[in-house]
Amino acid sequence: MQTHLADFIKDSAAGQEADAILRKCTHCGFCLANCPTYRLLGDELDSPRGRIYQIKQVLEGEAPTESIQLHLDRCLTCRACETTCPSGVEYGRLADLGREIVEEQVPRRGLQRWVRTGLRTVLPRPRLFGTLLTMGRLTRPLVPGPLRKKIRPRRPAPAWPSASTHSRFVLMLEGCVQPALEPPINPQTARLMDDLGIAVKRTTEVSCCGAIDQHLGASEAAKARIRSNIDAWWPHIKAGAEAIVVNASGCGAQVKDYGHLLADDPDYAEKAARVTALAIDPIELLERHADQLAPADDAPRRVAFQTPCTLQHAQKLNGRVDALMARIGFDMTPVPDAHLCCGSAGTYSVLQPEMAEQLRTQKLENLNTGEPQVIATANIGCLTHLDEASEIPVRHWLELIKVA
């Protein structure tokens, strides 16, 4: 693809990266069949190829419009198109840049503006989000319908392991919404690590990974969060932390991108690259200890695993959780079209509820094909989105295993 970027961006690092990405695209169309929004709407403008062309127009100096903004908003950033692209187009990076530029030049109107501001204000702050969630549980009948469905009953959580003397230790990103929405996940992760002889060093100063701001077009706010997280982790990294475990695959994809996002920051580039090198999904650690793992005593054995887009398309870890669970004794049921998004996609299910619900309906039909007893996943957004409409429980896969 030939490009002629406008003066406002052509000489910047972002412009040079965008130019390189655009030049890889051959408009072959292989991405279309794997794009959830194109499959639903049949509109070329709601396909990766169409969005690439619209972003190209903006980068070449054409004034962005509300129409372009709408088509970018409809993108889930699932990155299934990247997995199928024979040319290696890094669509996710281009989409983030396009959103950022359009967001600066096309003001949001009315309710849409306030909802986005609210999401960026509330979700990254665990205490504020937890307080509002508690209030929502107490006043649930009064909460507007779309949000009411997202208010989950609180589940009891196991205790965190007591302070240990293990020589090995890791850090863990506890996340912003996960502790309130699904309290068992983080302590269960820590207990698994502890039983394997690995201590988890808690860093409560770290909350949001920055993905919410990043994907809502606020890249500078995202970078500020990233720098704050690096500062909180850095003393422990210097003390010998062997990894940063991120048990929400959406957050994991973001943390693994820190090195790229701060590559041009003279004060943080090296530290960010180090954090990226240390960041791992739990499967990358636990599969090394497969012989020590078994199904939890109360865990159903017939399991359908929903592979989050951020695990398979962003982190490139597709099939590894399924394989580990099968190896340690679970009966993994078939899931047709496992590469397609469930519709959660961070804040997407709030901002694009109709499309998110259509995608969820399709995903649940596919997940139930083999009549599982439970649906397992690896991302808090997917878990809560699917569980809103699922007739069988949806759990994080780490809740289903133990150290034998």
Walk me through whether Asp19 and Arg23 qualify under salt bridge (Lys or Arg N to Asp or Glu O under 4.0 Å).
CA-CA 6 Å; Asp19 187 66; Arg23 288 179 182 275; 2.9 Å; yes
Show, in sequence, the C-alpha distance, side-chain angles and deciding distance for Gln214 and Asp96, and conclude whether the side chain to side chain contact (heavy atoms under 4.5 Å, CB included) test is met.
CA-CA 7 Å; Gln214 182 76 27; Asp96 277 350; 3.5 Å; yes
Can you list the steps and then say if Arg93 with Asp257 is a salt bridge (Lys or Arg N to Asp or Glu O under 4.0 Å)?
CA-CA 10 Å; Arg93 299 200 191 284; Asp257 208 28; 2.9 Å; yes
Determine whether Arg51 and Tyr91 satisfy the following criterion, side chain to side chain contact (heavy atoms under 4.5 Å, CB included), listing intermediate values before the conclusion.
CA-CA 9 Å; Arg51 293 187 181 105; Tyr91 170 82; 3.1 Å; yes
Decide side chain to side chain contact (heavy atoms under 4.5 Å, CB included) for Met325 and Met332; before the verdict, give the C-alpha distance in whole Å, the side-chain angles of both, and the deciding distance to 0.1 Å.
CA-CA 8 Å; Met325 294 187 76; Met332 306 304 292; 3.7 Å; yes
Should Lys150 and Val350 be marked as a side chain to side chain contact (heavy atoms under 4.5 Å, CB included) after you check the CA-CA gap, both sets of side-chain angles, and the distance that decides it?
CA-CA 9 Å; Lys150 298 185 178 300; Val350 176; 3.7 Å; yes
Could you go through Glu284 and Arg320, starting from their C-alpha distance and side-chain angles, then the distance that decides it, and tell me whether this counts as salt bridge (Lys or Arg N to Asp or Glu O under 4.0 Å)?
CA-CA 9 Å; Glu284 297 176 86; Arg320 290 169 65 169; 5.0 Å; no
Let's go through Arg108 and Thr117 carefully: what are the C-alpha distance in whole Å and the side-chain angles of both, what is the deciding distance for side-chain hydrogen bond (donor to acceptor under 3.5 Å, both in side chains) to 0.1 Å, and is it a yes or a no?
CA-CA 10 Å; Arg108 297 281 177 178; Thr117 300; over 6 Å; no
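Side-chain atoms of Ser249 do not come within 3.5 Å of backbone N or O of Gly252 as any donor-acceptor pair. With Ser390 contributing its side chain and Asp387 its backbone, the two residues share no donor-acceptor pair below 3.5 Å. Although no hydrogens or angles enter the test, the distance criterion places no donor-acceptor pair under 3.5 Å between the side chain of Gln292 and the main chain of Val403. In this structure, Ser207 contributes its side chain and Pro126 its backbone to no donor-acceptor pair below 3.5 Å. With Gln312 contributing its side chain and Thr307 its backbone, the two residues share a donor-acceptor pair below 3.5 Å. Of the possible polar contacts, none joining the Asp194 side chain to the Ala190 backbone as a donor-acceptor pair under 3.5 Å is found. The backbone N or O of Gly259 lies less than 3.5 Å from a partner atom in the side chain of Thr276, making a donor-acceptor pair. In this structure, Arg137 contributes its side chain and Arg152 its backbone to a donor-acceptor pair below 3.5 Å. Between the side chain of Gln54 and the backbone N or O of Gly50, at least one donor-acceptor pair lies under 3.5 Å. The backbone N or O of Cys309 sits nowhere less than 3.5 Å from a side-chain atom of Arg79 that would complete a donor-acceptor pair.
A salt bridge between Arg302 and Asp331 is present, with a side-chain N of the basic residue lying under 4.0 Å from a carboxylate O of the acidic one. Taking the charged nitrogens against the carboxylate oxygens, Arg227 and Asp265 do have a contact shorter than 4.0 Å, which makes a salt bridge. Salt bridge absent: Arg395 and Glu182 never bring a charged side-chain N and a carboxylate O closer than 4.0 Å.
Of all non-hydrogen atoms in Met172 and Thr203, the two that sit nearest each other are O-OG1, 4.1 Å. Of all non-hydrogen atoms in Leu261 and Lys223, the two that sit nearest each other are O-CE, 3.5 Å. Here the closest non-hydrogen pair linking Lys402 and Pro295 is CE-O, 3.6 Å. In this structure, Leu132 and Val122 approach most closely via the heavy-atom pair CD1-CG1, 3.7 Å. Nearest heavy-atom pair across Val89 and Glu82 is O-CG, 3.5 Å. The two residues Asn229 and Tyr258 come nearest to each other via the heavy atoms ND2-OH, 3.1 Å.
The distance from the CG atom of Asp281 to the OG1 atom of Thr310 is 8.5 Å, given to the nearest 0.5 Å. In this structure, CD1 in Ile9 is found 10.0 Å from CD in Glu17, a value given to the nearest 0.5 Å. Atom-to-atom distance recorded for His236:NE2 and Ile244:CD1 is 10.5 Å, nearest 0.5 angstrom. Note that CG of Leu367 is 7.5 Å distant from OG1 of Thr333, once rounded to the nearest 0.5 Å. His166 NE2 to Lys201 NZ: the interatomic distance, rounded to the nearest 0.5 Å, is 13.5 Å. Note that the CG atom of Leu181 and the CD1 atom of Ile151 stand 10.5 Å from one another [nearest 0.5 Å].
Looking at heavy atoms from C-beta onward, Thr377 lies in side-chain contact with Pro308 at the 4.5 angstrom threshold. Contact check for Arg39 versus Gln362: no side-chain heavy atoms found under the 4.5 Å cut-off. Residues Leu76 and Leu359 have side chains in contact (heavy-atom distance under 4.5 Å, counting atoms from C-beta outward). A heavy-atom distance below 4.5 Å is found between the side chains of Ile226 and Gln254. With contacts defined as side-chain heavy-atom distances shorter than 4.5 Å, the pair Thr384/Val177 does not qualify. With contacts defined as side-chain heavy-atom distances shorter than 4.5 Å, the pair Leu351/Asp73 does not qualify.
Between Gln178 and Asn186, the side chains place a donor N or O and an acceptor N or O closer than 3.5 Å (distance only, hydrogens not considered). Counted by atom type alone, Gln306 and Lys363 present zero donor-acceptor pairs between their side chains at under 3.5 Å. Between Ser349 and Arg360, the side chains place no donor N or O within less than 3.5 Å of an acceptor N or O (distance only, hydrogens not considered).
Remark: Phe30 CZ is loosely packed, at most 12 non-hydrogen atoms of other residues, nucleotides or ligands lying under 6.0 Å away. Heavy-atom neighbours of Glu270 CD from other residues, nucleotides or ligands within 6.0 Å: at or below the threshold of 12. Open room surrounds OH on Tyr53; 12 or fewer heavy atoms of other groups in view lie less than 6.0 Å from it.
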Hey, can you pull the donor-acceptor pairs under 3.5 Å for the side chains in residues 334-348, sequence neighbours left out?
residue	atom	partner	partner atom	Å
His339	NE2	Asn34	OD1	3.2
Ser344	OG	Gly381	O	3.0
Tyr348	OH	Arg74	O	2.7

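Partners of Glu174 according to the salt bridge (Lys or Arg N to Asp or Glu O under 4.0 Å) rule, which considers only residues two or more places apart in sequence or in another chain, are Arg202. Partners of Glu100 under the salt bridge (Lys or Arg N to Asp or Glu O under 4.0 Å) rule, at least two apart in sequence or in another chain, do not exist in this structure. Checked against side-chain hydrogen bond (donor to acceptor under 3.5 Å, both in side chains), Glu242 has the following partners two or more places apart in sequence or in another chain: Arg168. When the side chain to side chain contact (heavy atoms under 4.5 Å, CB included) test is applied to Asp213, the partners found at least two apart in sequence or on another chain are Arg120, Ala218, Ala221, Ala222, Arg225. Partners of Glu365 under the salt bridge (Lys or Arg N to Asp or Glu O under 4.0 Å) rule, at least two apart in sequence or in another chain, do not exist in this structure.
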